[in-house]
Structures are given as C-alpha cells and as structure tokens.
Protein chains: 2
Amino acid sequence: MQTYRHILLALDFGPGHEQVLERATALAQTEGARLSLIHVVEFLHVDLANELVLPQDVALESQIMATARRKLARIATEIGALEDIGQWVELGSTKQEIIRIAEQEQVDLIVIGSHGRHGLGRLLGATANAVLHGAPCDVLAVRIRPEA
Amino acid sequence: MQTYRHILLALDFGPGHEQVLERATALAQTEGARLSLIHVVEFLHVDLANELVLPQDVALESQIMATARRKLARIATEIGALEDIGQWVELGSTKQEIIRIAEQEQVDLIVIGSHGRHGLGRLLGATANAVLHGAPCDVLAVRIRPEA
C-alpha cells in the first residue's frame, strides 16, 4: 500500500539540512513517492524585529534567488535516482509559500527540518497554529541532530 | 533502505483517529517498522481552565485507564498483521508521557493526529516549542479530515 504519492521537502540550506534531505529521499524511495523541493527566500525589505522598513533591494533578492535555484538544482542532480524532481524557489513568507505550493502541486506530505532559520523553529514557533491549520496535508518534522 | 524502525502512534480515540491509525499502520508496513501505541489519560483532579482543584477521583481514573487499555488492545488485535505491537496507557501530561515513552522505547518516529483534544492541537499549541525541543525523534502530524 502506497502511503504518500507526492512529498514536498522544504529546504533552508542551514546546518544539518543534509539530514532532512537524506530522510525525505529515503522516505520517497520506500513509499514510491514523487519528491519536490522548495526553498523560500523571505522578503528582505521589512525588518519586523526592529520595526524598520529597509529600502527594497531587488538586485540582492534576485541574486539570492538565483543562488538558491543553483543549490536546489545541484541537490536534485545528486539525488538523480529519483526522476521528475520538482524545484521551487519562491519569494515571500516561508509558511505561506510552502502551503501555496503544497496545495498547487497536490502534495500529500510536507517534510521540514526541526530547527534552522526557516525550519520548524520558525514555522512551528509563533505561527504553529497557522501552519497546521493551513497545511492541506500531513507534516513531518525531521529532528536535526548536531553534526558529529 | 529502512527509514524508520520503531513508530510510536499517539491515539486519542477522538473523531477521525481511525485516519491517523490507518496512516501509521500503512507507514509501518511500507517502512518495515515496529509499531507501538500510546494513549495518555490526563490527570483529572486539576482543572486549570477554571483554576479549580477538584478532589482526586482515583477510582474514576482507574476506570478510564482500564477502558483505554481495552480500546488499545482491540485496535492492536485489528491490525494484528503487524506483530509485537507495544501498548502504553499512561496517566499524566500528554506531552511528557509521549516523550518519556518515545525515549524509553527508542522510538524514531512519533505519529499524532493534527486535531483532537489530546492531538496536535494541544501538543503543538501552547506547548509547541516544548514538544519539539523535547521530542527525541521525528514527529509526523497526520491531518485529520472531516468524516464524509
């Protein structure tokens, strides 16, 4: 019996994200599921912590997104045994973009690391209820262990 | 490649818990993992919402726990194709007891429904950070859909 058909892995490229990648890849293989990758670049021009609105630096955002696209493409190549890997680099709110793509692509499992700047610490901290009520599917929080 | 070896399914017997059971059972089968069941009976004698300390009703607690043990045993029999199903009925804090048994039994995945009185709504509401920092392993939140 196939449990999941389409897994969306949210990657933040932070410390230990390889552990989350490894877990999601293994799960996609055992479940026979399609795997897609998403990385969200948060808007840079609003610094809520300091209540300071910075001038929007479009060139910097474009550069960061281009770098993220290259990273995702390299990861997709490395796990190339799995065919048809969707790759999404989005600009906006991490929570909203993950949920939007999950709905759009009819994902049935979101996989996310349990710490990291854009990881579960962020997603399930202040916005825990919003994500869980918003997510159209199951959510797997992968515990990131300190690197040996 | 085996992703998970021991899955702990937290059940609350609330609406839709069959969906969580079905998902966890299917996952245990495809992953070749052992499955254990836990149900936590919260302490009855402290009513925090009303700041009222009720007299402890030991007989009632015992009765509720006995009923829970029978329910878990019936569920274990129903999914009997999986051998060696651990069954835990604990009294205390849902969060603490799930984490305690997960550590004690060297569980590598906790599965829990995404709503219900003792489900994810409770676990990942006010105590989200505590659970996520406390959990020794991955956590899968299964989205419960309204019954058709």
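Just so it is clear, the model here is predicted, and its values are computed rather than measured. Just so it is clear: chains get the letters A, B, ... in the order the sequence lines come, proteins before strands, and each one is counted from 1.
Residue contact with chain B, scored on non-hydrogen atoms closer than 4.5 Å, is absent for A/I110.
In this structure A/D108 satisfies the side chain to side chain contact (heavy atoms under 4.5 Å, CB included) test together with A/Y4, A/R5, A/H6, sequence neighbours excluded. Contacts of A/E97 classified as side chain to side chain contact (heavy atoms under 4.5 Å, CB included), with partners at least two apart in sequence or in another chain: A/V40, A/E90, A/R100.
If you take CD on A/Q29 and OG1 on B/T3, they are separated by 8.0 Å, rounding to the nearest 0.5 Å.
Between A/R143 and B/V139, every side-chain heavy-atom pair lies at or beyond the 4.5 Å cut-off. The shortest side-chain heavy-atom distance between B/L140 and A/L140 falls under the 4.5 Å cut-off.
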Verdict with supporting geometry, A/T30 and B/T30, side chain to side chain contact (heavy atoms under 4.5 Å, CB included): CA-CA 7 Å; A/T30 54; B/T30 53; 5.6 Å; no
